[in-house]
Colleague: 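Just dropping this structure here.
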Amino acid sequence: MYVYDLGNNKTAKVRISKIEDTISIDPKVFSFNWNKEEKYEMYQLTLKKSNEVLGIVSFIRIFEELRTELRLLEISKHNIGKNKQYDRIAGILIAFVCKESFLSGFYGFVSLIPKTKLIEHYKSKYGFKEFGKHLVVELESSENLITKYLNDEV
Amino acid sequence: MMKYKKSEYSLPHHGLTTQQKSKADEELRKLRFESLSQINEHQKIYSDLLSLKYKMIDYVENGILSETFLFSEFLKNYVSILKITRRKLAKDLSVHETKLSRLINNKENPGIGLLYRIEEHSNNIIPVTLLWKVVNMKLIVDIENNNQERKKQSKKVKNKLKLKFA
């Protein structure tokens, strides 16, 4: 699993780990109120070489509907906008939630509710489709994200 | 107009009120149950095989041998997901039923040829390299713990190096 270092045109290995306590989240790097997410599952994406946290995601498994709802996803401040250093952070975290959905037996079904201005972005970049106010991926489109973002191959 | 290519965005809170969110969830629930009712047997098998594959990938990355993820357990799961008999799988893979039974009961390790056949049989969903890594994790422990073989082979070694380490 890797992110793309835009400054050096190189890849950098990353790992995903569970966040047990939000106290470890640096508010200078992440501005969302992650304390409110403590009752949900939270994971962070870090660089293997330095342990720098690049992104955080929270989600919930809804067993009665066989779906996973992606609640929040935040990319670190240094990696937003035109001067960002690493690319693929959001893609990897979304793909990770897709994988967890398959592991739960939910057919890779992941739903989320983006702000209106981001709807087209999630549809065109990640293959989400509209299910009412929610956007969803499942089965092949979910697997495609896993193949694209969680593989080691460049 | 936003530029979408090579752009990434965070997903902040949706901004809906509790009532709006409940309405959106209820709408999704109905659509979800509809989509679940349309999932066919092939899609269920496909999804279960992917789930099995991702569990095996996590196991290999974790690097700790577990009885739950032995190749023999993989075969049991594979037969169960496909809802076929062991006899049918043996026939599909061109192996003798007794041989498959020995593999499923962990009495024998598979050769690479069989792993290629499973890759083909699963339509490449379960790659041969992943299967080999799973088999290898057990082999490494088997080799490490095989003192009988170690002793037997050591008797055939002459002029053993006599080096001392601090």
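Proteins get letters first, then strands, A, B, ... in listed order; numbering begins at 1 in each. Every heavy atom of this structure was used, including side-chain atoms; hydrogens, water molecules and symmetry mates were not. Since we're looking at a predicted model, the values are computed, not measured.
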Colleague: So for A/I62, is it side chain, backbone, both, or neither that comes closer than 4.5 Å to the heavy atoms of chain B?
Modeller: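 For A/I62, neither part sits under 4.5 Å from chain B.
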Colleague: Atom OG of B/S47 and atom CZ of A/F106: how far apart are they, to the nearest 0.5 Å?
Modeller: 11.0 Å
Colleague: Determine whether A/W34 and A/Y43 fall in the same hydrophobic cluster, where Ile, Leu, Val, Met, Phe, Trp and Tyr are linked whenever their side-chain heavy atoms lie under 4.5 Å apart.
Modeller: no
Colleague: Apply the test salt bridge (charged side-chain N to carboxylate O under 4.0 Å, His left out) to residues B/K21 and A/E69: give CA-CA distance (whole Å), side-chain angles for both, the deciding distance (0.1 Å), then the verdict.
Modeller: CA-CA 13 Å; B/K21 176 68 166 58; A/E69 183 167 322; 3.0 Å; yes
Colleague: Drop me the distance from B/L11's CG to A/L135's CG, to the nearest 0.5 angstrom.
Modeller: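 It comes to 9.0 Å.
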Colleague: Just verifying a value: how many Å separate A/E65 CD and B/D25 CG, rounded to the nearest 0.5 Å?
Modeller: 7.0 Å
Colleague: Could you state the interatomic distance from CZ (B/R29) to NE2 (A/H134), rounded to the nearest 0.5 Å?
Modeller: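 It comes to 12.0 Å.
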Colleague: Can you establish whether the number of heavy atoms outside B/R87 located under 6.0 Å from its atom CZ is more than 12?
Modeller: no
Colleague: May I have the step-by-step check of side-chain contact (heavy atoms from CB on, under 4.5 Å) for B/Y46 and A/E140, ending in yes or no?
Modeller: CA-CA 9 Å; B/Y46 163 78; A/E140 286 92 343; 3.8 Å; yes
Colleague: Check whether A/F30 gets within reach of chain B through its side chain, its backbone, both or neither, counting any heavy atom under 4.5 Å.
Modeller: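 Contact with chain B: none, neither part.
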Colleague: Is it the side chain or the backbone of B/Y54 that comes within 4.5 Å of chain A heavy atoms, both, or neither?
Modeller: both
Colleague: Decide yes or no for A/R67 and B/L28: does some side-chain heavy atom of the first lie under 4.5 Å from some side-chain heavy atom of the second?
Modeller: yes
Colleague: Could you state the interatomic distance from NZ (B/K53) to CG (A/L103), rounded to the nearest 0.5 Å?
Modeller: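 Spacing of NZ (B/K53) from CG (A/L103) equals 12.0 Å.
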Colleague: How long is the straight-line distance from CD of A/E143 back to CG of B/L50, given to the nearest 0.5 Å?
Modeller: 4.5 Å
Colleague: Should B/I112 and B/L114 be regarded as members of a common hydrophobic cluster, given that ILVMFWY residues are connected when their side-chain heavy atoms come within less than 4.5 Å of each other, either directly or indirectly?
Modeller: yes
Colleague: Within a radius of less than 6.0 Å around NZ of B/K133, do more than 12 heavy atoms belonging to other residues, nucleotides or ligands occur?
Modeller: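 Open.
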Colleague: I'd like to know which of A/L72, A/L112, A/L93 tops the heavy-atom pair count under 4.5 Å against chain B.
Modeller: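 Most pairs with chain B among the choices: A/L72.
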Colleague: Go through the atoms of B/L31 and report whether side chain, backbone, both or neither lie under 4.5 Å from a heavy atom of chain A.
Modeller: both
Colleague: For the residue pair B/R32 and A/F109, would you count it as a cation-pi contact if the rule is NZ or CZ under 6.0 angstrom from the ring centre and within 45 degrees of the ring axis?
Modeller: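 Yes.
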Colleague: Count the heavy atoms of every other residue, nucleotide or ligand shown that sit under 6.0 Å from CD of B/E108, and state whether that count exceeds 12.
Modeller: yes
Colleague: With a 4.5 Å heavy-atom cut-off, do B/P12 and A/K115 have their side chains touching?
Modeller: yes
Colleague: Would you please say whether a donor-acceptor pair under 3.5 Å links the side chains of A/N33 and B/H13?
Modeller: no
Colleague: Would you name the heavy atoms of A/K125 and B/S7 that are closest together and state the gap between them?
Modeller: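 Between these two residues, the closest heavy atoms are NZ-O, 2.8 Å.
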Colleague: Side chain of B/K44, backbone of A/Y107: donor and acceptor closer than 3.5 Å?
Modeller: no
Colleague: Name the member of A/I146, A/L150, A/I80, A/I94 that forms the most heavy-atom pairs with chain B at distances under 4.5 Å.
Modeller: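 Greatest number of close heavy-atom pairs with chain B: A/I146.
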Colleague: In this structure, are over 12 heavy atoms from other groups packed under 6.0 Å from B/Q148 atom CD?
Modeller: no
Colleague: For the hydrophobic clusters of this structure (ILVMFWY residues joined by side-chain heavy atoms under 4.5 Å, transitively), does one cluster hold both A/L139 and B/L52?
Modeller: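 Result: yes, single cluster for both.
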Colleague: One pair to check against salt bridge (charged side-chain N to carboxylate O under 4.0 Å, His left out): B/D58 and A/K99. What are the steps and the verdict?
Modeller: CA-CA 11 Å; B/D58 284 351; A/K99 190 180 97 169; 2.6 Å; yes
Colleague: A quick test of your reading: do over 12 heavy atoms of other residues, nucleotides or ligands sit less than 6.0 Å from CD of A/E64?
Modeller: yes
Colleague: With no hydrogens and no angle check, is any side-chain donor or acceptor of B/E8 less than 3.5 Å from a backbone partner on A/A90?
Modeller: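 Indeed, once roles are kept as given, a pair shorter than 3.5 Å links the two residues.
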Colleague: Against chain B, work out which of A/K133, A/K82, A/K36 has the most heavy-atom pairs shorter than 4.5 Å and name it.
Modeller: A/K133
Colleague: Is chain B contacted by the side chain of A/V136, its backbone, both, or neither, given a heavy-atom distance below 4.5 Å?
Modeller: side chain
Colleague: According to a hydrophobic-cluster definition based on side-chain heavy atoms being under 4.5 Å apart (Ile, Leu, Val, Met, Phe, Trp, Tyr only), do B/I39 and A/V110 belong together?
Modeller: yes
Colleague: Would you say B/K30 has more than 12 foreign heavy atoms packed within less than 6.0 Å of its NZ?
Modeller: no
Colleague: Under a 4.5 Å heavy-atom cut-off, does chain A meet the side chain of B/L16, its backbone, both or neither?
Modeller: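 Contact with chain A: side chain only.
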Colleague: Consider only side-chain heavy atoms of I, L, V, M, F, W and Y, link residues closer than 4.5 Å, and tell whether A/F32 and A/L73 are in one cluster.
Modeller: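 Result: no, two separate clusters.
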Colleague: Might you confirm whether atom OH of B/Y116 has over 12 heavy atoms from other residues, nucleotides or ligands at distances under 6.0 Å?
Modeller: no
Colleague: Top residue by heavy-atom pair count (under 4.5 Å) with chain A, among B/Q20, B/E27, B/K23?
Modeller: B/E27
Colleague: Do B/S10 side-chain atoms and A/I75 backbone N/O form a donor-acceptor pair below 3.5 Å?
Modeller: yes
